[in-house]
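Read the structure below first, then the notes.
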Amino acid sequence: MTATTKAPAETDYEIVIGLEVHTQLLTQSKMFCPCDAHYADDAPNSHVCMVCMGMPGVLPVINQRAVEYTIMTGLALHCEIPELSKFDRKNYFYPDLPKGYQISQYDLPFCRNGWLEIPVDGSVKRIGITRAHLEEDTGRLLHRTDPATGEAYSLVDLNRAGIPLLEIVSEPDMRSPEEARLYMQKLRSILVYLGVSSGRMEEGSLRCDANISVRPRGQKEFGTKTEIKNMNSFRSVQRALEYEAERQIQVLREGGRIVQETRGWVEAKGVTVSQRTKEEANDYRYFPEPDLPPVVLSRAWIDEIRAKMPELPDAKRARFMSEYGLSEYDATVLTDERAVADYFEATVRDVTKGDLASRAKSAANWITGDLARLLNAAGSDITQCKITPAGLAGLINALDSGTISGKQAKDILERAFASGDQPTEIIQREGIAQVSDAGTLEAVANQVIAANPKAVEDYRKGKAAAVQFLIGQVMRQTKGSAKPDVIQPILVRLLDALKE
Amino acid sequence: MSLSRADVEHIALLARMRLSEDELNRMTEQLAGILEHIAVLQEADVSDVPPSASTLPPIDHFRPDIPAPSLPVDALLANAPEREDSYLRVKAVLE
C-alpha cells in the first residue's frame, strides 16, 4: 500500500488506542544519586557519578521529591496510592544503561486505577489510567561511522541516565487518533500545572508511545496491536495514529494479518515503519530490586501532598466561568497553561473600571488576542513576556479612562512588548494622550480641509465617503490620538459651514 | 522443573553469550542441576508466611532532593576501554 491510501472516514472498523506517556520529573537531583539533574546543553558525561555508571558496590538511594511528584500526579489522576510499593529490575543489555538493567516498578507501582477526562463531541469522556510508576531515564547514544575505517561505532553520554522518569499508562479507552491527542494534551496540562514536568515534547522531556489496533465494529476482542514510537508533538501523535489506523484497516481489507511489532513514525514522510518485533515481557526478567527496600507510603504524607496540590485545569476552567463570567472558550484558552491563567488573574486584579465580569472580559480579550499574537510571532510564551500583568492592566485602565485611544493602546502594547518598558511608563514618558480637546482638533480639521480641496468638493456634491477620507487625514495628523467619532462631528460642522 | 536446551539457548541470547555446542550441553546440565537443588525449597510449608519481595524492612524515608557534585569526566572515563572527547566509545549498537 502507499501513503496516500485513505480509508473512508466512516468505516466498518473501530480504532482502539492506549498511550504510554513518559515524563522526566523536575527534580534538582537524579532519581537514585545526587548528580545535578539540569544537564541540558552541558558537556557529555559531566553529570555522572559511580551510581550512574553502575560501578561495582554502589547503591541507589531514592529521591524523596521524585516520589512526592509521582504521588501528586497519581492523586491528580484520581489513582489509588497503595500503602506498599517497591522497585524492580528490568534487565536488558544496551549501553544506554551501563548497569545492564533499569530500575523500574513492575507489580507494585506507586499509582494505579485512575482516570482523566477529555472533551468529546460536546460532552466529557473518561479515559482510564491503568498505572503510573517511577523509573530512571536512560543515557543518550550517538551513532557514528569512523571516516578512516568505515567502521560503525556508538558514543555514550550518560548525563540523562538516572533522571527520574514517570511512566503513565492508559487503558485502551481511546477510539480515535483525535481522542489520543486530546488525552495527551490534557495529561500534559495537568503535569505542567502540578509543576512536576516541563511538558516539552519537542525536547523529549515528555514522550508518548501508543498501542493501536483496529477491529470490525461490534467485535469484542481486540485486534492485534502495534506500538508506535517517535511522535514528538501533539500533532504528530494524531497524524501517526491516523496513518497507522488506515494502514491496519487496509491490511485487513486485503485479507492480510497485522504483525505485532514496534513501528517508528517518520515525520518527514508521514508514515510508520517497522522497527522490531516486540520482545515478550518476561524477556526483561523483572525481579524485585535487591538494592532497595520496599517502600511504605504513610497516609499522613499522602494527605500532606494532597494539601499542597494546586488547582487543576478542569477546576480552574469551571471557576473562571462561574467567578468571572467568561465564556467556555475563553476559560478553556486561559486555563490551558497555568502561567497564562495566573497572568490573567493578576491582570484582572489591577484593572480598575467596571464590574468583575467586564474587567475579566477586557483582560481576556487582550491576553488571548493582541498579546497572544505578539507571543506567537516572537515564538515565546507568557513566562517570558516582558509586560507584567500590572503593566497590561495599566494599559487597559488608560484605555478605559479615555486617556488613550484603541489604536494608541495597540501601538503601545507592541512597543512595550518589544522594549520591555511597561505600557504606563511609555504613556507617561511620552505624554501620550488622546486628543479630545475640541479646539486642537478644530485647528487640525481646518488644515486638512484647506489641504484637500478635491475631497471638500466631493463632499459638497454629496459624496459621503469624502468625510471618511478627511477623518483619516485628521487621524494621520494627530498620529492616531484622536477618536474618529470625536472628529466626525467637528469635520461635518466645518464642512457644512463652508457650504453656506 | 526441567530445563530444555532451547531455554538455555534463549538465556544465552539474552545474556549476549555465544555458546559452543559443548558449552550448551554443559550449561543445560549444570543449570538443570542448580534448579533441582533450589527446588528443594518448594517442599517447605510456607502457607502461613505472607509473600515477600525483600528480606529488608520497608522504608518510609528517602534522600532529600539536593544535588551534589558528579565525578570529573577524566576520573569517570579512566577505566573506560575507549573514549572520544568526553564520550564513552562502544561498539556499534543499533536498535
Side-chain angles (χ1 to χ4, degrees), chain A residues 27-30 32-38 43-50 52-53 55 61-68 84 86 88 91-96 98 107-108 141-145 151-158 275-276 283 285 288-290 292-298 301, chain B residues 1 3-4 6-19 31 34-35 38 41 46 49-95:
Chain A
T27 55
Q28 300 301 313
S29 63
K30 287 189 179 181
F32 297 114
C33 68
C35 282
D36 192 328
H38 306 94
N45 294 311
S46 58
H47 294 242
V48 182
C49 69
M50 290 189 283
C52 313
M53 281 288 270
M55 297 278 192
V61 189
I62 298 166
N63 182 335
Q64 166 151 0
R65 181 149 303 133
V67 178
E68 184 181 321
L84 183 70
K86 70 175 169 72
D88 299 271
N91 297 279
Y92 68 93
F93 284 125
Y94 202 65
D96 62 2
D107 56 339
L108 294 176
L141 299 179
L142 301 174
H143 304 293
R144 293 280 162 82
T145 306
E151 184 200 2
Y153 63 95
S154 300
L155 297 177
V156 187
D157 171 15
L158 295 172
Q275 289 188 323
R276 63 186 146 101
D283 271 2
R285 293 149 294 142
E289 171 56 61
L292 288 169
V295 172
V296 164
L297 301 172
S298 81
W301 190 36
Chain B
M1 177 185 169
L3 189 76
S4 73
D7 290 332
V8 178
E9 283 173 358
H10 181 62
I11 293 164
L13 177 75
L14 291 175
R16 304 291 184 268
M17 293 170 77
R18 196 177 291 127
L19 299 183
L31 283 172
I34 291 168
L35 282 181
I38 297 294
L41 290 174
V46 292
V49 183
S52 160
S54 172
T55 56
L56 300 167
I59 51 167
D60 64 353
H61 54 278
F62 311 97
R63 174 175 62 81
D65 181 30
I66 300 166
S70 303
L71 277 183
V73 73
D74 286 330
L76 190 79
L77 300 180
N79 294 325
E82 264 192 289
R83 64 182 280 188
E84 186 172 311
D85 305 324
S86 54
Y87 289 101
L88 286 147
R89 180 173 163 156
V90 298
K91 280 189 193 163
V93 281
L94 292 168
E95 288 223 32

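Naming convention: chains lettered A, B, ... in sequence-line order (proteins, then strands); numbering from 1 in each chain.
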field: Atom group of Leu141(A) that falls short of 4.5 Å from chain B, counting heavy atoms
entry: side chain
query: Yes or no on side-chain contact (heavy atoms from CB on, under 4.5 Å) for Asp283(A) and Leu14(B), after CA distance, side-chain angles and deciding distance?
result: CA-CA 7 Å; Asp283(A) 271 2; Leu14(B) 291 175; 3.9 Å; yes
message: Within this structure, what is the CG-CG distance for the pair Leu88(B) and Leu155(A), rounded to the nearest 0.5 Å?
response: 9.0 Å
Heavy-atom pair count under 4.5 Å with chain A, highest-scoring of Lys91(B), Glu82(B), Glu84(B): Glu84(B)
message: I'd like to know if the side chain of Asp65(B) and the backbone of Gln28(A) have a donor-acceptor N/O pair within less than 3.5 Å.
response: yes
- prompt: What's the verdict on side-chain contact (heavy atoms from CB on, under 4.5 Å) for Phe62(B) and Val295(A), showing C-alpha distance, side-chain angles and the deciding distance?
  reply: CA-CA 10 Å; Phe62(B) 311 97; Val295(A) 172; 3.5 Å; yes
- request: Output the distance between atom CG (Leu142(A)) and atom CZ (Arg89(B)), rounded to the nearest 0.5 Å.
  value: 12.5 Å
- prompt: Using non-hydrogen atoms only, which part of Thr27(A) is less than 4.5 Å away from chain B: side chain, backbone, both, or neither?
  reply: both
Toward chain B, the part of Glu68(A) with a non-hydrogen atom under 4.5 Å: neither
query: Which one of Cys52(A), Pro293(A), Pro98(A), Pro288(A) has the most heavy-atom pairs closer than 4.5 Å to chain B?
result: Pro293(A)
Qualifying residue for side-chain contact (heavy atoms from CB on, under 4.5 Å) with Ile59(B), from Ile62(A), Leu292(A), Val296(A): Ile62(A)
- prompt: In Å and rounded to the nearest 0.5 Å, what is the NE2 to CG distance from His47(A) to Leu76(B)?
  reply: 12.0 Å
query: Quick one: of Cys49(A), Pro44(A), Pro95(A), Ser46(A), who has the most non-hydrogen atom pairs under 4.5 Å with chain B?
result: Pro44(A)
Pick from Leu77(B), Asp60(B), Leu71(B) with the largest number of heavy-atom pairs that fall under 4.5 Å of chain A: Leu71(B)
Among Arg65(A), Arg144(A), Met55(A), residue most engaged with chain B (heavy-atom pairs, under 4.5 Å): Arg65(A)
message: At a heavy-atom distance under 4.5 Å, which candidate from Ala15(B), Pro57(B), Pro72(B) has the highest pair count against chain A?
response: Ala15(B)
query: Do Pro294(A) and Ser54(B) have side-chain heavy atoms sitting under 4.5 Å apart?
result: yes
- request: Count the heavy-atom pairs under 4.5 Å between each of Phe93(A), Tyr153(A), Phe32(A) and chain B, then report the option with the highest count.
  value: Tyr153(A)
query: What part of Leu108(A) lies closer than 4.5 angstrom to a heavy atom of chain B: side chain, backbone, both or neither?
result: neither
query: To the nearest 0.5 Å, what is the distance between CG (Asp85(B)) and CG (Asn45(A))?
result: 11.0 Å
message: A quick test of your reading: do over 12 heavy atoms of other residues, nucleotides or ligands sit less than 6.0 Å from NE2 of His61(B)?
response: no
message: Measuring from atom OG of Ser29(A) to atom CZ of Arg63(B), what distance do you get when rounded to the nearest 0.5 angstrom?
response: 4.0 Å
- line: When rounded to the nearest 0.5 Å, the distance separating CD1 of Ile66(B) from CG of Asp36(A) is 12.5 Å
